[in-house]
Amino acid sequence: MPILWFLTLIVNIFLSVKTFGRITSSNHFVKPLFGLSVSMVGWIFSDLLIRLIDIGHFVLFLHEYKYIFILGAAFFFLLFIECYVEKQKNTNHYLAIRIIVPCVFFLIIITDRWHHLFRKSLTFSGGLSNRFITENGPLYYLVLLYIYLNIIYIVFLLIRYIISVSKIYQIQAIFLIVCILITFSANLVFQLAQVWLHSRHIIDFTSLTFGLTAWQLYYSMFLRKPPKVTKTIIDSLKDQKEDILLLLDQNHYVIYSNRSTEKLFDQNIKELQKAPLTSLTSYVNEKILEVLQNPGPIKCRVIRDQIYVYQLESSTLLDKKSRLIGYLIRGSDITEQETKRIHETIHQD
């Protein structure tokens with residue numbers, strides 16, 4: 001039986017390593033995904049050790065402290081999904097408030113030996129699977145409610161996301177929901193079994209479902225590809241001489257940008273590739289969104305080593321069936337013309 005947890009652990013370590021390799025990426029979902037993957041690794045590793053080590057006090061210690069990973073998984077999963085659907089609030093103040101709840105819960109859990117509000121009793125029964133006989137306290141169900149509310153909100157965000165995006169992203173989000181529901185179902189069965197079987201020997205298989213979840217997260221975040229037609233479009237753009245060329249997919253992810261676009265966003269061209277528009281400079285984002293809604297031209301002023309003025313225009317990209325596949329933003333550097341116009345205006349006045 002422990003071999004199943006070991007294999008699941010390997011899959012999740014793979015996700016953690018791949019995510020850590022992109023931790024410096026401008027993609028704003030990478031850090032929450034890394035936190036989630038590390039939390040899942042910790043949870044699975046704790047469950048694996050519990051099933052391998054037949055030392056009562058150490059096993060009870062693991063059973064208590066693995067909740068730092070359980071609460072971490074709930075926290076980082078919600079944060080990751082908020083980033084994934086681009087509804088996150090990127091402020092340290094917001095994150096500081098959000099992390100208070102899991103931290104308070106964890107402090108309650110590790111001090112439970114003095115108040116027994118989380119577990120009324122936890123008895124190690126030993127044996128081949130190192131099972132437990134538990135009697136849960138009121139705070140156990142409060143922690144469970146916190147985790148389940150996170151799951152419900154995550155599913156709600158993904159369903160709302162599915163309604164507004166194209167088919168390729170809808171499929172990815174649907175698979176994420178399926179993985180979440182499988183994990184939720186495994187844990188719900190465990191919780192109900194504790195009640196129905198009156199705290200007899202029960203094994204929690206929740207962490208075993210993380211193998212499927214980790215693979216789907218890896219596939220959705222790192223293996224998804226833009227529509228094939230964009231490859232042809234990218235090749236055709238490389239020889240064009242516009243000052244600004246920015247190609248977005250239908251969900252506003254950057255597929256291609258030329259070297260001059262670095263000046264517009266004040267970011268390295270490698271950081272721009274595959275980044276969501278919302279993770280880039282906020283003022284420029286507003287102008288890009290404005291030109292997507294109104295093809296333009298509109299003026300965009302940015303301050304770098306000097307003031308630059310760009311004139312932006314947009315056009316939609318359609319496939320052979322007239323389905324939207326992306327947007328092309330073209331921009332011209334009109335700094336000299338604008339400077340000259342302002343000087344002429346001043347002299348006239």
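Please read all numbers here as calculations on a predicted model, not as lab measurements.
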side-chain contact (heavy atoms from CB on, under 4.5 Å) for D47 and K66? Distances and angles first, verdict last.
CA-CA 8 Å; D47 278 353; K66 79 171 183 177; 2.8 Å; yes
Let's go through I288 and L248 carefully: what are the C-alpha distance in whole Å and the side-chain angles of both, what is the deciding distance for side-chain contact (heavy atoms from CB on, under 4.5 Å) to 0.1 Å, and is it a yes or a no?
CA-CA 10 Å; I288 296 293; L248 307 175; 4.2 Å; yes
Determine, stepwise, if the pair L157 / E82 fulfils side-chain contact (heavy atoms from CB on, under 4.5 Å).
CA-CA 7 Å; L157 288 177; E82 287 178 326; 3.8 Å; yes
Carefully, step by step, assess K299 and E338 under the rule side-chain contact (heavy atoms from CB on, under 4.5 Å).
CA-CA 10 Å; K299 294 178 182 178; E338 279 295 292; 2.9 Å; yes
Let's go through Y146 and F105 carefully: what are the C-alpha distance in whole Å and the side-chain angles of both, what is the deciding distance for ring pair (Phe, Tyr, Trp, His ring centres under 6.0 Å) to 0.1 Å, and is it a yes or a no?
CA-CA 10 Å; Y146 164 76; F105 280 149; 5.6 Å; yes
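Using a 4.5 Å heavy-atom cutoff, the side chains of F205 and F190 are not in contact. At a threshold of 4.5 Å between non-hydrogen side-chain atoms, the residues I10 and F6 count as touching. Between L15 and L217 the shortest side-chain heavy-atom distance falls below 4.5 Å. Side-chain contact between F80 and F34 is absent, with no heavy atoms from C-beta onward closer than 4.5 Å. Residues N136 and Y141 have side chains in contact (heavy-atom distance under 4.5 Å, counting atoms from C-beta outward).
Every side-chain hydrogen bond (donor to acceptor under 3.5 Å, both in side chains) that Y67 has, sequence neighbours left out, goes to R119.
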Under 3.5 Å, which donor-acceptor pairs do the side chains of residues 174-187 form with other protein atoms, sequence neighbours left out?
| residue | atom | partner | partner atom | Å |
| --- | --- | --- | --- | --- |
| T183 | OG1 | C179 | O | 3.2 |
| T183 | OG1 | T209 | OG1 | 2.8 |
| S185 | OG | L181 | O | 2.7 |
| N187 | OD1 | Y148 | OH | 2.7 |
| N187 | OD1 | Q191 | NE2 | 3.4 |
| N187 | ND2 | T206 | OG1 | 3.1 |

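Counted within 6.0 Å of CZ on F45, heavy atoms from surrounding residues, nucleotides or ligands total 12 or fewer; the atom is thus considered open. Other residues, nucleotides and ligands contribute more than 12 heavy atoms inside 6.0 Å of the CD1 atom of I154.
Between W5 and I44, the closest heavy-atom pair is O-CG2, 3.4 Å.
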